[in-house]
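Count residues from 1 along the sequence. In each ligand, atom 1 is the first atom listed, and ligand 1 is the first ligand listed.
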Amino acid sequence: MEITQKDFGESTILYSLTNNNGITLCVSNLGARIVDLIVSVAGEKRNIVLGFDSAKEYIEKDLYIGATVGRVAGRIIKGQFTVNDKKYQLPVDPLNGNTLHGGAKSFESRLWKSRTEETEERISVIFTYESPDQEHGFPGNLKAEVMYSLTNEDEWIIDYQATTDQPTIYNPTNHVYFNLTGDVTKTVDQHSLFIDADRFAVVDEMTSVTGELRDVTDTPFDFRNNTSIEQVFKTNYKQNVMVDGLDHPFLLNQTGFEKPQAIVTSPKSDVSIEMYTDRPVVVVFTAQFGENSPEMRGTKMVSHGGIALETQVSPGAGVFDGFGDISLYPDRPFHSRTVYKIKRSL
Ligand code: GAL
C-alpha cells in the first residue's frame, strides 16, 4: 500500500492511495473530495467516478462532484430549522427559497487541513475543517473531520466525526458519482441497481421532500431485485418526469456493515460497487445536468452520465414525522461510517 501526493493547482493537494491490488483512490483537500477511483477491469484501467483534472476545474464547474457536502446535505425547506427549541433562519437560494447543501460555497469549496495515516489494514487521509459559529447561519463552532481510507479488501471507507460547542444540526454526505463503464459519454441507464428500501420520500417540483413516504411496490422506484436503471428513465411516472430521473431519498430497510444496502453494477457486470452505511437513507441522484453537463477529463459528459449514492439522514429531518433527527449537541459527538466496496472481474 502506498500514499503519494502532488500539487493539484490553486494551492491544493492531490493524494493518491494505492492498495496491494492496484486500486488507486485520489482525493483532494479542496472540499475533502474524491477525484479518481481507478481500477483495472479485465486488464484495462478504468476511472469509475466522475471528476476533473485540476482544482481550477472544480472551482469553475463545481456541481459538488465527489465533494464532502455540509453542514447539511440536501434541501432545508425555506432555510428554516429548530434545535433546542430555538428557531433559525439560514440564507436561502433566491431562485427557490431553500438552502441546498449547507449554502452556497460551503464544505465543498473549503480548503481542508489534511494529514495521512498508515496502518496494517488501511491507508488514510484525514481531512479537518473548523466551521465557525454562524457560518452560513448555522449555530456552533463545528469541528468536522472526514477520513478516507483504502483497504486491501478493496474498500473505500468514509469515517465522519464532528463536535460542536452549541446545539446545532449536522448531516454531511459525500457526493461521489459512479459511472462504472469509465465512459462519461454513456448514460448510466444500462447499469443495474439494487437498493434495500421499501419506501422512498416523494419530492415536489423543486426537489424538496413533501413529507410523504411512499411504498416502492409497483413503482419504477422498486430496486429491491437489482434491476436496470433504465426502468426509471423510461417511464411516465410523475416522480421521474418531474425531476428527470432519480433525485430521491430511499429509506433503507437495514443499516450496518453485514450486508449491502445498495449495489450498482456495470452494464457488462464486470464491476460493481457495494454500499454499506450506518445512515438511515441513501439519496440517489442520476446526474440530470442536462445542458450544464460539464466537460471532464477531455470529454463532454452526457446528462445521466453518473449516479450518486449519498448516505445521510433524509432531508426533511426535524420537520416531518419519520424523517429522523439531525440535531448535534456538545455532549454527543457525531460519528458515522459509509463503505463503498469494489468488486470486479480481474
Ligand atoms: C444533489 C441534489 C440535486 C442537485 C445535486 C447537485 O444532491 O439532490 O438536486 O442539486 O445535488 O448538482
Side-chain angles (χ1 to χ4, degrees), residues 31-34 49-52 57-79 90-109 136 158 171-179 184 187-188 193 195 197 200-210 221 229 232-233 239-251 262 264 275 277 279-296 301-317 319 323 326 338 340:
R33 56 177 94 217
I34 174 171
V49 298
L50 304 192
F52 299 116
E57 281 185 82
Y58 280 101
I59 293 164
E60 286 166 358
K61 302 176 188 173
D62 187 31
L63 296 166
Y64 299 95
I65 292 180
T68 296
V69 176
R71 296 187 185 190
V72 174
R75 290 170 182 78
I76 299 180
I77 301 164
K78 297 189 182 139
L90 304 171
V92 295
D93 180 341
L95 290 178
N96 51 49
N98 301 316
T99 305
L100 177 66
H101 293 335
K105 302 223 180 300
S106 195
F107 279 16
E108 80 290 349
S109 60
H136 291 307
I158 309 176
N171 190 22
T173 194
N174 182 281
H175 218 296
V176 60
Y177 290 90
F178 296 101
N179 182 324
V184 297
T187 80
V188 292
L193 182 62
I195 312 176
F200 73 97
V202 170
V203 300
D204 64 16
E205 285 81 1
M206 306 308 290
T207 337
S208 285
V209 294
T210 62
F221 287 15
I229 297 177
V232 170
F233 297 156
Q239 283 293 306
N240 161 45
V241 176
M242 228 169 42
V243 298
D244 187 23
L246 289 173
D247 195 350
H248 294 80
F250 285 79
L251 280 82
V264 190
M275 184 201 86
T277 188
R279 300 291 83 195
V281 155
V282 61
V283 174
V284 184
F285 177 57
T286 46
Q288 40 270 34
F289 298 137
E291 290 182 354
N292 294 328
S293 302
E295 189 171 312
M296 74 176 43
M301 173 191 164
V302 284
S303 199
H304 293 146
I307 177 168
L309 300 175
E310 306 161 45
T311 57
Q312 55 182 103
V313 178
S314 185
V319 179
F323 281 66
I326 55 169
T338 291
Y340 297 100

| task | Could you check if a side-chain atom of Val49 sits within less than 4.5 angstrom of a side-chain atom of Ile34, using non-hydrogen atoms only? | result |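 Side-chain contact under 4.5 Å: yes.
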| Leu90 side chain reached by Ile76 side chain, heavy atoms, under 4.5 Å |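 They are in contact (side-chain heavy atoms under 4.5 Å apart), so the answer is yes.
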Atoms of ligand 1 close to [X] [distance to a heavy atom under 4.0 angstrom, numbered from 1]:
{"X": "Tyr64", "result": "6 (C)"}
{"X": "Glu310", "result": "1 (C), 7 (O)"}
{"X": "Phe289", "result": "12 (O)"}
{"X": "Leu100", "result": "10 (O)"}

| task | Tell me which one of His175, His248, Arg75 gets a heavy atom nearest to atom 1 (C) of ligand 1. | result |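 It is His175 that holds the nearest heavy atom.
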| said: Counting only heavy atoms, tell me which of Asp247, Leu246, Asn292 gets closest to atom 9 (O) of ligand 1. | reply: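 The option holding the nearest heavy atom is Asp247.
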| query | Which residue and non-hydrogen atom of the protein lie closest to atom 4 (C) of ligand 1, and at what distance in Å? | reply |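 Protein heavy atom with the smallest distance to atom 4 (C) of ligand 1: Phe285 CZ, 3.9 Å.
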| request: Rounded to the nearest 0.5 Å, what's the gap from CD on Glu108 to CZ on Arg33? Could you check? | output: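 Rounded to the nearest 0.5 Å, the CD-CZ separation comes to 7.0 Å.
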| How long is the span from the CZ atom in Arg71 to the OG1 atom in Thr99, to the nearest 0.5 Å? |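 If I round to the nearest 0.5 Å, the distance is 13.0 Å.
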| query | So is Thr207 polar-close to ligand 1, meaning N/O to N/O under 3.5 Å? | reply |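 No, Thr207 has no N/O under 3.5 Å of an N/O on ligand 1.
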| Has Lys61 got more than 12 heavy atoms of other residues, nucleotides or ligands less than 6.0 Å from its NZ? |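 More than 12 within 6.0 Å, yes.
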| Is it the case that Ser208 and Asn98 place a side-chain donor and acceptor less than 3.5 Å from each other? |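 A pair is found: one side chain offers a donor N or O, the other an acceptor, under 3.5 Å apart.
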| Is the Tyr64-Tyr177 ring centre distance short of 6.0 angstrom? |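 No, the ring of Tyr64 stays outside the 6.0 Å limit from the ring of Tyr177, centre to centre.
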| query | When you look for heavy atoms under 4.0 Å from ligand 1, do you find them on the side chain of Val283, its backbone, both, or neither? | reply |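 For Val283, there is no contact with ligand 1 at all, from either part.
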